[in-house]
Amino acid sequence: MKPQDDIVYLKGVGPSRAKVLASELDIRTASQLLEYYPYRYIDRSSLATVASLTEESGLVALRGKVSNMQITSTGRYRERLTVDFSDGTGTIQLVWFQGTKWVREKLKPNTEYLILGKPTVFNGQWQMTHPELEVENGERRTENVKYMPVYTTTEKMKQSGLGTRALARLTETLCDCIAGLDETLPPDVMAKYHLLPRSEALRAIHYPASQQQLDAARTRLKFEELFFLQLDYQWAHSARLQHSVGRVFASVGDYFNRFYSEHLPFPLTGAQKRVIREVRDDLRSGRQMNRLLQGDVGSGKTLVALMCMLLALDNGSQACLMAPTEILATQHYQTFCRMLEGLSIGVELLIGSVKAADKKRIKADIAAGKTHIVIGTHALIEDDVRFRDLGLVVIDEQHRFGVEQRSKLWAKATPPPHVLVMTATPIPRTLAMTLYGDLDCSIIDELPPGRHPVRTFHRTEPRRPLVFSFLKKQIDAGRQVYIVYPLIHESEKLDLRDLEAGLDMVLSYFPRPQYQVSMVHGGLSADEKAFEMRRFKEGKTHIMVATTVIEVGVDVPNATVMVIENAEHFGLSQLHQLRGRVGRGADQSYCILMTKDQLSYTSQERIRTMCATTDGFQIAEADLRLRGPGDIQGLQQSGVLDLKMASIVDDEPLVRATRNEVHDILAADPALTAHPILAQYIKHSKNKQLWSKIS
Ligand code: ADP
Ligand code: MG
């Protein structure tokens with residue numbers, strides 16, 4: 001049998017089981033079955049004994065003999081079969097409700113069996129329902145196997161005679177044809193990392209001779225998975241670099257230089273300077289820039305975006321900035337207008353709530369090139385927004401925009417505009433290394449000077465009076481305060497009720513006119529939201545009671561306290577974003593996480609992480625550990641979730657190693673002419689178009 005052969009021809013399979021394998025596990029060929037790895041092993045040299053069973057034993061294997069078979073009729077055509085199974089240390093009752101006839105014929109006294117199943121206690125006696133069973137040493141050819149593989153099976157598979165022991169017999173047969181498997185990794189990589197050959201690793205993953213060999217097999221198979229994931233991404237990356245045509249922004253001109261020397265409100269941090277340099281190199285390279293800018297909240301991404309846009313203007317192009325919410329777009333617009341005052345740059349705001357007549361004028365100005373910089377929301381994407389010459393697109397808080405939306409912006413100019421994507425929340429390093437293997441990545445890893453890390457506390461309801469008196473002290477000292485409520489209910493109405501109840505409580509502690517309170521939530525119109533935001537920003541109100549509409553980007557440096565109500569309902573990255581709203585000025589800021597008393601393990605861990613660190617990268621790592629990659633936005637098409645053996649969470653060293661190896665290979669041999677196996681893989685890879693989904 002050859003690896004690519006149809007599984008139906010494998011001895012012990014046949015048409016009906018082949019069908020089940022296909023429908024339940026998507027396994028159709030011999031090599032696919034070989035890549036169906038055991039999830040655990042049973043050590044035959046130390047099998048469980050009946051005497052040692054506990055309620056927590058889980059799946060166990062026992063060796064022993066049967067006696068005392070009994071059949072009870074339980075209805076027409078139905079019977080219950082029980083048999084005593086003893087291993088010398090005790091007796092457990094085996095029970096069958098189905099397939100009893102087959103079992104009856106198979107079971108023989110005085111024969112040693114190996115059984116596999118989950119023991120339970122029933123009427124004070126150990127029992128095992130529908131165990132898997134085989135004659136010890138009778139049916140296996142590999143007599144000296146120390147570890148028995150255990151495979152995940154479904155109910156339907158078991159009913160078709162494809163339980164874990166049956167699968168083990170199939171993989172055992174398959175091991176015979178393994179020698180014919182081709183190696184997939186380059187020999188020098190194998191040598192460098194001392195990797196097992198593919199055929200050996202596959203044999204050992206099903207039938208390891210020792211723990212050591214099993215570890216080596218796992219490492220090899222993980223390496224392979226991650227290696228090809230990297231190859232997919234990095235191939236896409238280098239293909240894009242080779243084929244993309246970008247406009248060349250060769251010069252740094254008056255806009256940039258005048259802004260830099262006369263308008264810069266504060267010296268740039270080293271990290272900001274580095275990123276601007278990286279962008280500038282991209283812009284004059286002749287290739288389209290596709291750069292991801294990662295920086296923690298408050299690291300000053302907006303200023304970097306603005307200066308990059310000036311580079312586009314210096315070369316006669318227009319630039320636009322797309323933000324996920326109207327509040328944010330409006331805020332960016334105000335920041336830009338303030339910073340660019342006196343530079344004769346046309347800046348416009350284009351959001352849904354702009355009046356129709358104004359929209360028309362703004363669009364005409366954009367088309368005519370009178371407007372140099374446009375800031376907006378999704379409204380920018382609409383077909384009737386035409387640019388005279390769009391040279392640079394900046395996308396803020398990247399994850400909120402879908403792929404299609406972004407690609408629409410590309411289409412607004414030929415050659416397509418350069419793209420700078422700014423993330424709101426750092427991405428764990430391992431993920432960034434895989435997911436963004438195809439993007440160029442810049443990191444701002446330095447906060448502006450003079451920032452004090454926000455101090456974070458966890459409080460429960462009984463201490464609310466203390467929390468509120470603390471807020472009072474801060475407000476009396478001239479500071480401002482956020483109080484944020486999560487969206488808990490499905491219905492906006494109910495959420496609003498929580499918010500309003502909260503507002504009542506706040507108002508009773510902070511009576512007007514001495515204290516002024518703003519409230520912002522999703523139910524308000526854009527105008528109303530902007531009005532409330534402005535009052536807060538201008539210091540006319542002391543407290544901002546809000547739902548998470550203020551989560552991203554809002555910048556009010558005088559605000560020093562962030563109270564997050566029902567904090568257990570927020571995810572880590574959201575908590576981090578919210579906390580990032582304070583600590584933006586020179587004063588010490590605080591974040592107070594209010595929760596109920598009893599918290600689940602993961603809630604506790606989230607709160608603990610928040611209190612322990614303000615580093616967005618560490619928080620991202622913790623988030624990935626707590627939630628697993630499955631719940632992280634944007635990963636669904638990444639291939640990361642399809643990994644069979646490797647884990648993006650636990651295998652960081654391997655992620656790093658494979659990334660470097662693939663990088664070196666592609667750098668030395670971009671067309672993979674010296675690596676025919678890898679070239680072949682790329683040719684058939686289903687992830688070929690991956691990069692287009694991402695940027
Ligand atoms: P984010 O990266 O979260 O988008 P912002 O761009 O909103 O951060 O910047 C956060 C705050 O830091 C703003 O108030 C901004 O004016 C200020 N800021 C940005 N760069 C510097 C700098 N180099 N020195 C001092 N303050 C800065
Ligand atoms: Mg921002």
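Fair warning: this is a prediction, and the values are worked out from it, not measured in the lab. When a ligand or atom number is given, it counts from 1 through the structure's own listing order. Counting begins at 1 with the first residue of the sequence.
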*ligand 1 versus Gln272, non-hydrogen atoms closer than 4.0 Å: side chain, backbone, both, neither?*
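For Gln272, only side-chain atoms sit under 4.0 Å from ligand 1.
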*Quick one: does ligand 1 sit under 4.0 Å from the side chain of Arg584, the backbone, both or neither, non-hydrogen atoms only?*
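Only the side chain of Arg584 comes within reach of ligand 1.
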Out of all atoms in ligand 1, which are within 4.0 Å of some heavy atom of [X]? Include the element for each.
| X | answer |
| --- | --- |
| Ser299 | 2 (O), 8 (O) |
| Thr269 | 23 (N) |
| Arg451 | 10 (C), 11 (C), 12 (O), 17 (C) |
| Thr302 | 4 (O), 5 (P), 6 (O), 7 (O) |
| Val297 | 3 (O) |

Quick one about [Y] and [X] (side-chain donor to acceptor, distance below 3.5 Å, no hydrogens or angles considered), yes or no?
| X | Y | answer |
| --- | --- | --- |
| Asp282 | His418 | no |
| Arg579 | Thr456 | yes |
| Glu568 | Ser603 | no |

Hey, is the main chain of [Y] close enough, under 3.5 Å, to the side chain of [X] for a donor-acceptor pair?
| X | Y | value |
| --- | --- | --- |
| Asp389 | Gly369 | no |
| Arg386 | Ile366 | no |
| Asp396 | Ala323 | no |

Does the N or O separation between [X] and ligand 1 drop below 3.5 Å for any pair?
| X | result |
| --- | --- |
| Pro267 | yes |
| Pro448 | no |
| Leu268 | no |

*Aromatic centroids of Tyr509 and Tyr515 separated by under 6.0 Å*: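 No, the ring of Tyr515 stays outside the 6.0 Å limit from the ring of Tyr509, centre to centre.
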_Determine whether Tyr260 and Met307 satisfy the following criterion, side-chain contact (heavy atoms from CB on, under 4.5 Å), listing intermediate values before the conclusion._
CA-CA 8 Å; Tyr260 191 77; Met307 295 184 68; 3.5 Å; yes
*May I ask whether Gly295 has any heavy atom positioned less than 4.0 angstrom from an atom of ligand 1?*
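For ligand 1, residue contact (heavy atoms, under 4.0 Å) with Gly295 is absent.
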